[in-house]
Amino acid sequence: LEAGDITEVTSYGYFSVSANADKKVTIDENKKTGDNGMEFTKRLKLGGSGSLETRNVFFTTSGAATVTVYAMSSSSGEDRPLLFLWAGGTELSRGTTLGAPADNIIPALTFDVESAGTYYLWSGDSSINIYYIEVKEVVANATTSTLFANDVPAGDVTDITTWGDFTVYANADKKVTVDGNSKTGD
């Protein structure tokens, strides 16, 4: 995102920011670290309490989702609520943004979306700075496939070979070798 003031509804891919000339939202440089180790270099300064019309971030999901937000109170002396709302302004949940997080590491706030719709994030009391928002939509009827190397026969693969749900594309010039190797996973 480019640094500067947002003074109208502006879209950034999946997300949109609501603002106007009187209640602007500002993007500026600010370095912080999330509890996942992610390094943030910019923030979205909401500039005050939000509403459906201004000082909010909104997005539309096609179904159930998990929303993860890294945000801080703009006041180092005061924690502030980040509201998670459904279209129309119905509050679904809220999280606490810290003014002075331990070791200056921002904890994640997580919100669950149960169905398709438009959802909003805004401050319930004064300004909050948002560093990161992630929306992971749940895919209907999703399955998990696993390939365990121990179940694959050792040797060279030199043609198209399928093991369970996985297919390996190889040929004599570009072979894939499966061999014994002892490692321990988490």
Side-chain angles (χ1 to χ4, degrees), residues 1-30 32-75 78-99 101 105-146 165:
L1 303 177
E2 295 284 328
D5 292 335
I6 301 168
T7 57
E8 61 187 359
V9 175
T10 305
S11 293
Y12 299 94
Y14 188 84
F15 301 96
S16 295
V17 176
S18 296
N20 62 39
D22 294 327
K23 294 184 178 181
K24 67 183 179 180
V25 173
T26 301
I27 298 169
D28 70 1
E29 293 185 14
N30 188 267
K32 293 287 186 253
T33 302
D35 63 2
N36 62 351
M38 188 178 291
E39 298 287 331
F40 308 116
T41 58
K42 291 184 181 175
R43 64 185 172 185
L44 188 66
K45 295 169 57 174
L46 295 180
S49 298
S51 69
L52 281 173
E53 293 79 32
T54 190
R55 291 183 173 157
N56 69 58
V57 177
F58 66 96
F59 54 91
T60 301
T61 68
S62 59
T66 300
V67 180
T68 303
V69 181
Y70 285 91
M72 284 181 62
S73 168
S74 65
S75 169
E78 180 180 18
D79 298 343
R80 294 182 175 156
L82 177 65
L83 307 184
F84 181 62
L85 306 99
W86 199 18
T90 302
E91 183 178 332
L92 299 173
S93 186
R94 64 175 54 204
T96 300
T97 62
L98 303 178
I105 303 295
I106 304 172
L109 299 173
T110 304
F111 305 101
D112 291 322
V113 170
E114 294 182 11
S115 60
T118 300
Y119 296 89
Y120 291 80
L121 292 162
W122 71 61
S123 174
D125 181 22
S126 297
S127 188
I128 287 176
N129 302 322
I130 297 176
Y131 292 85
Y132 179 86
I133 304 170
E134 175 183 79
V135 178
K136 284 189 180 180
E137 292 200 36
V138 177
V139 178
N141 301 317
T143 60
T144 301
S145 296
T146 304
D165 293 334

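These numbers were taken from a predicted model, which means no experiment stands behind them.
Taking all atoms of both residues into account, the shortest heavy-atom contact from Arg43 to Asp28 is NE-OD1, 2.8 Å. The two residues Tyr12 and Ile27 come nearest to each other via the heavy atoms OH-CD1, 3.9 Å. Shown here for Pro81 and Ile128, the closest heavy-atom pair between the two residues is O-CD1, 3.2 Å. Among all heavy-atom pairs drawn from Pro101 and Pro107, the shortest one is CB-CD, 4.2 Å. Closest of all the heavy-atom pairs between Thr54 and Ala19 is OG1-CA, 3.3 Å. Considering every non-hydrogen atom in both Glu137 and Ala65, the closest pair reads CA-CB, 3.7 Å.
To the nearest 0.5 angstrom, Thr33 atom OG1 is 3.5 Å from Glu39 atom CD. To the nearest 0.5 angstrom, Thr68 atom OG1 is 5.0 Å from Glu134 atom CD. Here Leu121 contributes atom CG and Leu83 contributes atom CG; the two are 9.0 Å apart, rounded to the nearest 0.5 Å. Atom-to-atom distance recorded for Lys42:NZ and Thr26:OG1 is 13.0 Å, nearest 0.5 angstrom. Here the CG atom belonging to Asn20 is positioned 8.0 Å from the OG1 atom belonging to Thr7, to the nearest 0.5 angstrom. For the atom pair Phe59 CZ and Tyr120 OH, the distance stands at 10.5 Å (nearest 0.5 Å).
Between Leu52 and Phe58, every side-chain heavy-atom pair lies at or beyond the 4.5 Å cut-off. Residues Leu92 and Phe111 are not in side-chain contact: their nearest non-hydrogen atoms beyond the backbone lie 4.5 Å or more apart.
For Lys23, the salt bridge (Lys or Arg N to Asp or Glu O under 4.0 Å) test picks out no residue, with sequence neighbours left out. Every residue two or more places apart in sequence or in another chain that forms a side-chain hydrogen bond (donor to acceptor under 3.5 Å, both in side chains) with Asp35 is listed here: Tyr70.
Using a 30° and 60° split on the angle between ring planes, Tyr119 and Phe84 fall in the parallel class, below 30°. Tyr132 and Phe40 have tilted rings, their planes meeting at an angle from 30° to 60° on a 0 to 90° scale.
For Asn56 and Ser18, the side-chain atoms include at least one donor-acceptor pair closer than 3.5 Å. Side chain to side chain, Thr118 and Thr60 meet the donor-acceptor criterion of an N or O pair below 3.5 Å. Between Ser49 and Asp125, the side chains place no donor N or O within less than 3.5 Å of an acceptor N or O (distance only, hydrogens not considered).
Formation of a donor-acceptor pair under 3.5 Å by the Ser74 side chain with backbone atoms of Ser127 is found in this model. At least one donor-acceptor pair closer than 3.5 Å links the side chain of Ser73 to the backbone N or O of Glu78. Not a single donor-acceptor pair under 3.5 Å links the side chain of Arg55 to the backbone N or O of Ser123. Put simply, the side chain of Ser11 never gets that close to the backbone of Gly13: no donor and acceptor are under 3.5 Å apart.
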task = Before giving the answer on side-chain contact (heavy atoms from CB on, under 4.5 Å), spell out for Glu29 and Thr41 the whole-Å C-alpha distance, their side-chain angles and the decisive distance to 0.1 Å.
result = CA-CA 6 Å; Glu29 293 185 14; Thr41 58; over 6 Å; no
key: CA sep, side-chain torsions, deciding dist, call: Phe15, Thr10, side-chain contact (heavy atoms from CB on, under 4.5 Å)   = CA-CA 9 Å; Phe15 301 96; Thr10 305; over 6 Å; no
task = Please lay out, stage by stage, how Asn30 and Lys45 fare under the test side-chain contact (heavy atoms from CB on, under 4.5 Å).
result = CA-CA 10 Å; Asn30 188 267; Lys45 295 169 57 174; over 6 Å; no
inquiry  = Applying side-chain contact (heavy atoms from CB on, under 4.5 Å) to Lys32 and Met72, what does each step give before you reach the verdict?
reply    = CA-CA 10 Å; Lys32 293 287 186 253; Met72 284 181 62; 3.5 Å; yes
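By the 6.0 Å contact criterion, CD on Glu114 is open, its count of non-hydrogen atoms from other residues, nucleotides or ligands being 12 or less.
Considering Leu44, Val69, Val25 in turn, Leu44 is the only one that fulfils the side-chain contact (heavy atoms from CB on, under 4.5 Å) rule with Val57.
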